[in-house]
Undergrad: 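For reference, the structure I am asking about is given below.
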There are 2 protein chains.
Amino acid sequence: MQQELKSELTKQLILDNAFNLFYKSGFKSTSIDKIMKATTLSKGAFYHHYKNKKQLGLEVITLKVEKRVVNGMILPLKQTGNAFNILENVFLNRLKSFPFFEKQHGCPMNNLINEIGDHEVAYQLALKNIVENWKLSLMTLIERGQAEKTIKNTLSSKAIAVYLISAFEGIRGIRKLYNDDLILDDYLLGLSIYLQQVKY
Amino acid sequence: MQQELKSELTKQLILDNAFNLFYKSGFKSTSIDKIMKATTLSKGAFYHHYKNKKQLGLEVITLKVEKRVVNGMILPLKQTGNAFNILENVFLNRLKSFPFFEKQHGCPMNNLINEIGDHEVAYQLALKNIVENWKLSLMTLIERGQAEKTIKNTLSSKAIAVYLISAFEGIRGIRKLYNDDLILDDYLLGLSIYLQQVKY
DNA sequence: ACAAAAACATACTAACTGGTGTTTTTTATA
DNA sequence: TATAAAAAACACCAGTTAGTATGTTTTTGT
């Protein structure tokens, strides 16, 4: 029983370090050696717990990346209250409060989508799954707003959801190219124009 | 004189193959060996023409990637005619007509932004330069539309430009995760809602 | 106390990485 | 046609890669 716990702890240690290094340096640039050096464990320990790098990558996506998106972007949508205000809050106020490191290195999910999203079907599906969850949660919120007349009910909830996600992921990539937040201000102003059109 | 021409031709051959492989397999996954195997020239030939992989990467960005964006997204903005219609045409009608390969592998610029945009200042600047050109051209068109009263003149041209670009790059990444164009239809509908708000 | 199993470490391989130095071939020109 | 210079071929380097084989230590059930 204690062994299982230790095994789980070690896997978490590997997973955490892998996520951080994938995020900072990219998936392909990060070797197993570098990850295990970060854990201060050996390569043998890695291959005891994981079959190969691909399996690790998949677990990083489904366990670490997904959790981040769920906590940061999906759960906040599920609050009670004015649906339009929640939408506005999550998309308008969250971005600028990101820590510097996350502005500089973009969105972990978007980085993976663009680096390996078209390289392996398994990665593609795991990443798509996160996007679909996000999209569906957004649609649920938008449809609630439409029912409650805080969001225009003539508009397709799916279309709004997809466009909001696209722009959000897009700007997180583009922000990497700049050294300050001015480009984020322009994005946020552009987004607020969009939200005006969406508001009931 | 004829020698200079041949040298230029060889560089172009390397550049073309490098761009294609970077696009298909990513920057870091593509080795000099693979590029030169594709040209049927030797590795020595590569190092005769280029200092290192980084220099090649920069030339691919400034000569190949930039040209693609200029031809595909920037020059079409400079047509005469109703500015709003031009905006609508370029963003609404262009995307779905992309060849299958380019839907599957996303935007070459966006791929590079997310893979190496935060790894080297030189890459960062070269990529930012393209985005800035695009942004300024969009702003010029939008401001023309505002003067000609086809685009609402109360809105910030820069904000609209940045939001349009963000969403466009975002969806080109997300599309990689899907196997059909349904997600593009949602994006386009979401975009058309945005354009409604922008229209005079 | 002991055997089995799990957790981890060490040492290694074979292929591949970007890059260098040298030799051979091609080309322009005198 | 001789020659100098450019272009390309070739062999090679040191470092890194994912992955393996085999060892040692720790935990666990009996």
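A, B, ... follow the sequence lines: proteins, then strands. Residue 1 opens every chain. We use all heavy atoms of the structure for the numbers below, so side chains are in, but hydrogens, waters and symmetry mates are not.
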Undergrad: So, does B/His48 get its side chain near the phosphate of D/dA7, meaning an N or O under 4.0 Å from OP1 or OP2?
TA: yes
Undergrad: Between A/His105 (side chain only) and A/Lys176 (backbone N and O only), is there a donor and an acceptor less than 3.5 Å apart?
TA: no
Undergrad: Please report, to 0.1 Å, the donor-acceptor pairs under 3.5 Å made by any side chain of residues 185-198 of chain A, with sequence neighbours excluded.
TA:
| unit_1 | atom_1 | unit_2 | atom_2 | d |
| --- | --- | --- | --- | --- |
| A/Asp185 | OD1 | A/Lys96 | NZ | 2.9 |
| A/Ser192 | OG | A/Leu189 | O | 2.7 |
| A/Tyr194 | OH | B/Gly190 | O | 2.9 |

Undergrad: Compute the bend angle of the helix from C/dA1-D/dT30 to C/dA30-D/dT1 from the end axes (five pairs per end), rounded to 10°.
TA: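 Between the first-five-pair axis and the last-five-pair axis there is 10°.
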Undergrad: Quick one: name the residues clustered hydrophobically with A/Met139, using the 4.5 Å side-chain heavy-atom rule over I, L, V, M, F, W, Y, and just say none if it's on its own.
TA: A/Leu136
Undergrad: Could you give the OH-to-C1' distance, from A/Tyr50 to C/dC8, as a whole number of Å?
TA: 15 Å
Undergrad: Check salt bridge (Lys or Arg N to Asp or Glu O under 4.0 Å) between A/Arg172 and all other residues, then give those that pass, not counting sequence neighbours.
TA: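 Residues passing salt bridge (Lys or Arg N to Asp or Glu O under 4.0 Å) with A/Arg172: none at all.
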Undergrad: Under the salt bridge (Lys or Arg N to Asp or Glu O under 4.0 Å) test, which residues partner B/Glu143, sequence neighbours left out?
TA: none
Undergrad: Could you tell me whether the phosphate oxygens of C/dT10, OP1 or OP2, come under 4.0 Å of any side-chain nitrogen or oxygen in A/Ser42?
TA: no
Undergrad: Can you find a side chain N or O atom of A/Thr10 that sits less than 4.0 Å from OP1 or OP2 on C/dA7?
TA: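 Answer no for this pair, as no side-chain N or O of A/Thr10 is under 4.0 Å from OP1 or OP2.
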Undergrad: CE of B/Met36 versus P of D/dC10: gap in Å, rounded?
TA: 12 Å
Undergrad: Check salt bridge (Lys or Arg N to Asp or Glu O under 4.0 Å) between B/Glu120 and all other residues, then give those that pass, not counting sequence neighbours.
TA: B/Lys54
Undergrad: A/His49 side chain N/O closer than 4.0 Å to the phosphate oxygens (OP1, OP2) of C/dA6?
TA: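 A/His49 to C/dA6 OP1/OP2: no side-chain N or O under 4.0 Å.
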Undergrad: Using the six-membered ring wherever Trp is involved, compare the ring planes of B/Phe22 and B/Phe27 and label them parallel, tilted or perpendicular (cut-offs 30° and 60°).
TA: tilted
Undergrad: Compile the donor-acceptor pairs under 3.5 Å between side chains in residues 12-21 of chain B and protein atoms, sequence neighbours left out, one pair per line.
TA:
| unit_1 | atom_1 | unit_2 | atom_2 | d |
| --- | --- | --- | --- | --- |
| B/Asp16 | OD1 | B/Lys64 | NZ | 2.5 |
| B/Asn17 | ND2 | B/Leu13 | O | 2.8 |
| B/Asn20 | ND2 | B/Asp16 | O | 3.3 |

Undergrad: Identify, with sequence neighbours excluded, every residue that meets side-chain contact (heavy atoms from CB on, under 4.5 Å) alongside B/Phe100.
TA: B/Gln104
Undergrad: Check nucleotides 22-25 of chain C for protein N or O atoms closer than 3.5 Å to its own N or O atoms and list the pairs.
TA:
none

Undergrad: Does a nitrogen or oxygen in the side chain of A/Ser7 sit under 4.0 Å from OP1 or OP2 of C/dA6?
TA: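 No, A/Ser7 has no side-chain N/O under 4.0 Å of OP1/OP2 on C/dA6.
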Undergrad: Show which residues join A/Val121 in its hydrophobic cluster (side-chain heavy-atom contacts under 4.5 Å, direct or indirect), or state none.
TA: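 ILVMFWY cluster around A/Val121 also holds A/Leu125.
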Undergrad: In this structure, how many angstroms lie between the P atom of D/dA6 and the CG atom of B/Leu41, rounded?
TA: 19 Å
Undergrad: What one-letter contact string describes nucleotides 13-24 of chain D from 5' to 3', where B marks a base within less than 4.0 Å of any protein heavy atom, S marks contact via sugar-phosphate atoms alone, and - marks no contact?
TA: ----SBBB----
Undergrad: Just how far, in rounded Å, is P of D/dA8 from NZ of B/Lys37?
TA: 19 Å
Undergrad: Holding to side-chain contact (heavy atoms from CB on, under 4.5 Å), I want the full list of residues that pass it with A/Tyr47, two or more places apart in sequence or in another chain.
TA: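 side-chain contact (heavy atoms from CB on, under 4.5 Å) list for A/Tyr47, sorted by chain: A/Ile32, A/Lys43.
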